[in-house]
Protein chains: 2
Amino acid sequence: MSNINIKKLAQELNLSTATVSRALTDNYQISSETKRRVLELAKSLNYEPNPFASNLRNQKSKTIAVIVPEVANHFFSLAINGIEEIARKRDYHVLIYQTHENSETEIAFTLKLLSGRVDGILISTSGETNNKQHLIEASQSIPVVFFDRVYEDIEGVKIITDDYESSYQAVQHLIEAGCKKIAYLLALHNLSTGEKRLNGYLTALKDNGIPFNKNLLVTSTVDSNQNYALIKNLLANNKPDGILSSIEELAFPCYYACRELNLNIPRDIKIISFSNLDCAPLLNPSLTTITQPAFEIGSEAAGILFKIFDKKCFEPNETRVLKSVLIKRESTAV
Amino acid sequence: MSNINIKKLAQELNLSTATVSRALTDNYQISSETKRRVLELAKSLNYEPNPFASNLRNQKSKTIAVIVPEVANHFFSLAINGIEEIARKRDYHVLIYQTHENSETEIAFTLKLLSGRVDGILISTSGETNNKQHLIEASQSIPVVFFDRVYEDIEGVKIITDDYESSYQAVQHLIEAGCKKIAYLLALHNLSTGEKRLNGYLTALKDNGIPFNKNLLVTSTVDSNQNYALIKNLLANNKPDGILSSIEELAFPCYYACRELNLNIPRDIKIISFSNLDCAPLLNPSLTTITQPAFEIGSEAAGILFKIFDKKCFEPNETRVLKSVLIKRESTAV
DNA sequence: ATTAGTGTTGTAATCGTTTGCGTAAATAAA
DNA sequence: TTTATTTACGCAAACGATTACAACACTAAT
């Protein structure tokens, strides 16, 4: 730690700490000659103001927190990338917290963050439970922006994508490709994000006169082995001819299960997944995806947070919807 | 921000702030009855100590910084995952900084961090330039652990993988698969990481009596379009029958270039890449990789940083080498 | 009765910066 | 000459938590 502080600068220059502090912040009260001397010495000694002292005095941290289920996930790491870039422009610091989809962890994080450690929170919540009291408390206490994984019934600024439309469009695409038994891999069902994706699926089926078959609805878990088993079971026993996966994490298991069961994609079964995998075009076969603008979601969320800081007040319940894009590839070819 | 502090607790309970503070830290001087009262009130009011006040007083931040080139990269996001998990166990906070391979940015970050904002730094440096004075200054000032991308000639604790051996082994594998003109996609050449990978390639060639051909050595840039052009050019003009890519980022461009040029992998050309892509097995064809234990590198680095904090003193120049694994797949099939 | 010891609490300084208020000197206005 | 006004700086009190040093009451030992 740098042990050079304002007091030392002041001593060295025969000035008071007040004057040094003011000189460093280019206060009008200080003569330009004094400013020059202070700045020069500060630079030569590599002086950096102690952030904790400043934060304590100013009651702000120049820090934001990002809470996500996993860092090592294409969507979230892209979003973090977007967030970090915006934060950088404002000279803000970014704290990262992973919940691993664990609600308890998420609760502990959010509540701990209300101590003043951060000026605002960006969160994509774990949908594990319906426990959301902590989110309400948090957003009453400091600015919070929810992104992608949101509860619609919590007041707050939200950045989401057009989940319903994307999902609907995906099913439509499968149907046009000839699918008649379309399975849905359900996730995030406690969140409105998941709910909307499901609704898109259901409505698209109805609009096309296809009755809903509950055997074709697979609810995923946090355990990837179990998910794999569920998917294999679905394929083996219910023989769908199309799959819409509502999260990226279930796409690979589908591919593996098809291999194992000797099902040819897209001949025997067509697959679409919500996904930000940049290898989707290179998969065997290439994967049709609903791709969310992950980076933009992150930068948009961060941008709005800063606007809130700037008091360019936002509607407390504003929701911004970005568009996902359906990219058709071989996995749904006719 | 929570506006409840020790003073308010003290007032409420008719105690001094000193007593409250001691009660909260379970100090032996305080009667159990008083402790009970304090803890009870603190809990009911959701009291969280102001971190800046504590940090200022204690001269430590319970925060570490992670500096990486990119968050949205499989290797780094996995490493961050590992770091975050370890930090969590110690109740430390994790700040993230991306350099985007820009040396200036990296310098600015590291120097700013020496103000006491963090207790230690984990860094995987950008290899863009040979500018490393800031790294030396940083590690003289606070504990720094370098991971994966390191300069061998900087004093400090380093977590790396067996780059030389991995690279050597990869070339050996290509040769055994029948390759005679093996190209090398060079990256990180300013770092000892890159140097070792290159040396593994060169030595393996020599040991197999294959003369080095400088036309088969392609030096990558930070511009992905340019990299793609370089690779296509390599394939078109020099017709290698094998490629070793020293970083993950260049694997996809190889696949795309092969498609474009109608080259069949692995018939016309075999490919190996350093990579943590979890879709490697699902690519078309599946990609042979040298996979680094990214998560472990992160957790190991963080673990050592904490040991340094604990003053279980480390050799100041200790280097820990983890093993990568060569996973043979279709892209190098005979 | 005096001293020593124990158990519990309070006073006040400290961490490094920031900032309201005061002040001295210099200049301008009366 | 006296009275404003401006310019440039210092004093000292915050911010909230921690902790050395007292201090008090009370018991035990002498």
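Computed from heavy atoms alone, side chains included, the values below leave out hydrogens, waters and symmetry copies. Lettering of chains follows the sequences in order, A, B, ..., and the numbering in each one begins at 1. Everything numeric here is computed off the predicted structure, so don't read it as measured data.
- Note on the helix from C/dA1-D/dT30 to C/dT27-D/dA4: terminal axis deviation equals 80°, with five pairs used at each end and the result rounded to 10°.
- Residue A/Ser21 places at least one side-chain N or O closer than 4.0 Å to OP1 or OP2 of C/dT18.
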Can you list the steps and then say if B/Arg37 with B/Glu33 is a salt bridge (Lys or Arg N to Asp or Glu O under 4.0 Å)?
CA-CA 6 Å; B/Arg37 290 176 60 219; B/Glu33 168 61 11; 5.0 Å; no
Evaluation steps, side-chain contact (heavy atoms from CB on, under 4.5 Å), between A/Leu135 and A/Val144
CA-CA 9 Å; A/Leu135 300 175; A/Val144 176; over 6 Å; no
Which is it for A/Lys112 and B/Glu48 under the salt bridge (Lys or Arg N to Asp or Glu O under 4.0 Å) test, yes or no, and what are the steps along the way?
CA-CA 7 Å; A/Lys112 277 252 173 70; B/Glu48 281 287 338; 5.3 Å; no
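- Note that OG of B/Ser139 and NE2 of B/His134 are 10.0 Å apart. Values are rounded to the nearest 0.5 Å.
- Residue A/Gln59 contributes atom CD, which lies 13 Å from atom P of C/dT18 at whole-angstrom precision.
- With contacts defined as side-chain heavy-atom distances shorter than 4.5 Å, the pair A/Lys158/A/Arg320 does not qualify.
- What separates CG of B/Asn50 from C1' of D/dG16 is a distance of 6 Å, to the nearest Å.
- When rounded to the nearest whole Å, the span between CD of B/Glu33 and P of C/dG7 equals 17 Å.
- Between the CG atom of B/Leu56 and the C1' atom of D/dT19 there is a distance of 14 Å, given to the nearest Å.
- In this model, the phosphate group of D/dC15 is approached by a side-chain N or O of B/Lys7 to a distance below 4.0 Å at OP1 or OP2.
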Within the sub-3.5 Å range, which N or O atoms of nucleotides 9-13 of chain C have a protein N or O partner, and how far apart are they?
unit_1, atom_1, unit_2, atom_2, d
C/dT9, OP1, B/Thr34, OG1, 2.8
C/dT9, OP2, B/Ser31, N, 3.3
C/dT9, OP2, B/Ser31, OG, 3.3
C/dT9, OP2, B/Thr34, OG1, 3.0
C/dT9, O4, B/Gln29, OE1, 2.8
C/dG10, OP2, B/Ser16, N, 2.7
C/dG10, OP2, B/Ser16, OG, 2.9
C/dG10, OP2, B/Thr19, OG1, 2.7
C/dG10, O6, B/Arg22, NH1, 3.0
C/dG10, O6, B/Arg22, NH2, 2.9

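- The residue A/Asn58 sits close only to the backbone: its heavy atoms come under 4.0 Å of sugar-phosphate atoms, none of a base.
- At D/dA17, one or more side-chain N or O atoms of B/Tyr47 fall inside 4.0 Å of OP1 or OP2 (strictly under the cut-off).
- When each of B/Ile123, B/Ile67, B/Thr125 is checked for a side chain to side chain contact (heavy atoms under 4.5 Å, CB included) with B/Thr99, only B/Ile67 meets the rule.
- Spacing between atom CD1 of B/Ile4 and atom P of D/dC15 amounts to 14 Å, rounded to whole angstrom units.
- A/Thr63 and B/Arg117 get closest at one heavy-atom pair: OG1-NH1, 4.0 Å.
- Side chain of A/Asn81 to main chain of A/Glu84: no donor-acceptor pair is present (N/O by atom type, distance under 3.5 Å, no hydrogens or angles).
- Each ring pair (Phe, Tyr, Trp, His ring centres under 6.0 Å) pair with one or both residues in residues 92-116 of chain A, not counting sequence neighbours, appears once here: A/Tyr92-A/Phe306, A/Tyr92-A/Phe309, A/His93-B/Tyr97, A/Tyr97-A/Phe109, A/Tyr97-B/His93.
- Rounding to whole angstrom units, CZ of residue A/Arg36 and P of D/dC9 are separated by 12 Å.
- Put simply, CD on A/Gln11 is 15 Å from C1' on D/dG10, counting in whole angstrom units.
- For the pair B/Glu48 CD and D/dG16 P, the interatomic distance rounds to 15 Å; values are reported in whole Å.
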